Amino acid sequence: MAGDGRQFIAKQHAERDRYAGELHAYWAWGTHLSGHDAELVGRDDATRTLLLTALAGARADTFAPGSPEEELAHHKAGNVLGKLHRATAMPQGGAVGASLAERFQRWTDRAVHADLLDAAEENLLKHHAVILGASHLDTCRSLHQLSELSWTSGLTS
């Protein structure tokens, strides 16, 4: 327990891929779920160990089925899931290029911070981020819509 009352959990992964996946999830989504998820406070890549803040509260599986407490827990979980969906939603109306460019730039910045790129590689990636940001792209919501578009426009797949 820390002096400020926070408690911590150390979580060690046996598999490198699972460790990398969870670490990525905390980096990518932690800011969007602030206050609703554990905070990554430390890590040891050699042992694949994460140090996380413990979450306060009761486990949802301890509530009686159908009780007001269980209903509230599901409601809160739905709110958190909604935040995650809004955080991962792609913009509409041609702003996809700019959104992808921002994400691409953040990944480039992380790679630079981790000393994975030399100056020439960094400059090339920044150049491509600028091109991507100026691109006018839009998304296709589903394969069904793409098939419908192909059918109605006379295109064949």
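Not measured: the values here are computed from a predicted model.
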Between A111 and L117, the two heavy atoms sitting closest are CB-CD1, 3.7 Å

Side chains of Y26 and L52: does their closest heavy-atom pair fall under 4.5 Å? yes

Between F104 and L125, what is the shortest heavy-atom contact and its length? CE2-O, 3.2 Å

Separation between CD1 of I9 and CG of L51, rounded to the nearest 0.5 Å: 9.5 Å

Does E71 CD have over 12 foreign heavy atoms under 6.0 Å away? no

Using 0.5 Å steps for rounding, measure from the CG atom of N123 to the NE2 atom of H128. 11.5 Å

Taking E22 for its side chain and R18 for its backbone only, find out whether a donor-acceptor pair lies under 3.5 Å. no

Test salt bridge (Lys or Arg N to Asp or Glu O under 4.0 Å) on K126 and E122; report intermediate values, then the result. CA-CA 6 Å; K126 285 182 177 183; E122 178 184 0; 3.0 Å; yes

What residue among R106, Q105, H113 forms side-chain hydrogen bond (donor to acceptor under 3.5 Å, both in side chains) with D109? Q105

Any side-chain heavy atom of E121 sitting closer than 4.5 Å to one from D118? yes

Please name the residue in the list L50, T49, T47 that meets the side-chain contact (heavy atoms from CB on, under 4.5 Å) test with Y19. L50

Search all heavy atoms of A129 against all heavy atoms of A101 and return the closest pair with its distance. O-CB, 3.4 Å

When you compare the side chain of L40 with that of W27, does any pair of heavy atoms fall below 4.5 Å? yes

Rounded to the nearest 0.5 Å, how far does CD of Q7 lie from CG of L55? 11.0 Å

